[in-house]
Every structure is written in C-alpha cells, then in structure tokens.
Amino acid sequence: MTLTQPRWWRLAAPVFAGSVLMMVQGCSSTPRPEGELASARTAVVSAENNEAAAHAPVPMDRAKEKLRRAQLAMQQKDYAEAKRLSDEAAADAEYAQAFASKTRAETALSELESSIEALRSEIERSQRN
C-alpha cells in the first residue's frame, strides 16, 4: 500500500515552508533598537528635569509606561515592538516637555501683563495728583 499526498498538499507545502522561512528571517533580522531606547530614556529624563510631570502629567505617564514596556520588549527580544514603543515614549516625553514650556511661557506672559497693568494704574494715579 502506498501513501499518496493530496494534490493540494503538494502545492501548499512549498508555499508554507517559504512563509515560515520568511517569518524566521524577518524576526531575526530586526536589529536591537539600542539607540531608540537610549533616546527615549534621555527624552523622559529631560522632560522630568524640566518639570513636565507637573504641567503635562498624562503624556509623562504615557511616556514612562511606554519606556517600561519597551525595556520589557527588549528583554523578550521583541525588537520591533521595543523600537515602536521607544519611538512613542520619546515622542510623548517631547510633547510633555513642549507643553510644559508653553505653560510656563503663558504663566510668565500673564504675570508680565499683570505687572504692566499695575504700572499703568500707578502712572495714572500719579498723574491725577
């Protein structure tokens, strides 16, 4: 008795084997995103040093969480995910820092406008006397 393979299997087997080979090569060829992870760490630390957490707590929390998940993905050798999360963490940290800078500038402008108004009032009062 001879075992024969169904016709579809003879056609599908090479395609399946090729797909598996491409997946294995694709996973192993992704480089370690050391630079991206370092950039994300730097962006988070820089934002923290500029007190971004006080002015933009949500983006800072997101940045820290994505950085933590990127580090975990690196440990698990999921380099594509680690790169994506590192890039997102850096972007969130940079946004938080920019938002904090904008908020500080708006506060300074408001204080300056209040000072100018106080000076105008003093000038008007002194001119009436």
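Residues Glu94 and Gln97 have side chains not in contact (no heavy-atom distance under 4.5 Å, counting atoms from C-beta outward). Between His55 and Lys102, every side-chain heavy-atom pair lies at or beyond the 4.5 Å cut-off.
When all heavy atoms are compared, the tightest approach of Arg104 to Asn50 is NH1-O, 2.8 Å. Nearest heavy atom pair, residue Ala93 against residue Ala47, reads O-CB, 3.6 Å. The minimum heavy-atom distance between Val44 and Met60, with the atom names listed, is O-CE, 4.0 Å. When all heavy atoms of Ala56 and Phe99 are compared, the closest pair comes out as CB-CD2, 3.7 Å. Smallest separation of non-hydrogen atoms from Ala52 and Ala100: CA-CB, 3.7 Å. Of all heavy-atom pairs between Ala40 and Ala90, the closest is CA-CB, 3.9 Å.
In this structure, the separation between CG on Asp87 and CG on Asp92 is 11.0 Å, given to the nearest 0.5 Å. In this structure, CZ on Arg84 lies 9.0 Å from CG on Asp78, to the nearest 0.5 angstrom. Once rounded to the nearest 0.5 Å, the distance linking CD of Gln75 with CD of Gln71 reads 7.5 Å. Atoms CD and OG, on Glu34 and Ser86 in that order, are 9.5 Å from each other to the nearest 0.5 Å.
The closest donor-acceptor contact from the side chain of Ser114 to the backbone of Ser110 lies under 3.5 Å.
Apart from Leu119 itself, the hydrophobic cluster it occupies contains nothing, where clustering links Ile, Leu, Val, Met, Phe, Trp and Tyr at side-chain heavy-atom distances under 4.5 Å.
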Test Leu67 against Leu37 for side-chain contact (heavy atoms from CB on, under 4.5 Å), laying out the working first. CA-CA 8 Å; Leu67 179 59; Leu37 196 56; 3.8 Å; yes
With side-chain contact (heavy atoms from CB on, under 4.5 Å) as the test, would you mind laying out the steps for Glu81 and Met74 before giving the verdict? CA-CA 8 Å; Glu81 181 72 355; Met74 279 288 279; over 6 Å; no
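Applying the 6.0 Å contact sphere to CD of Glu51 captures no more than 12 heavy atoms from other residues, nucleotides or ligands.
In this view, Arg69 satisfies the side-chain hydrogen bond (donor to acceptor under 3.5 Å, both in side chains) rule with no residue, not counting sequence neighbours.
A salt bridge is absent between Glu65 and Arg62; no separation between the charged side-chain nitrogens and carboxylate oxygens falls under 4.0 Å. Residues Glu124 and Arg120 are not paired through a salt bridge, judged by the lack of any N-O separation under 4.0 Å between the basic side chain and the carboxylate.
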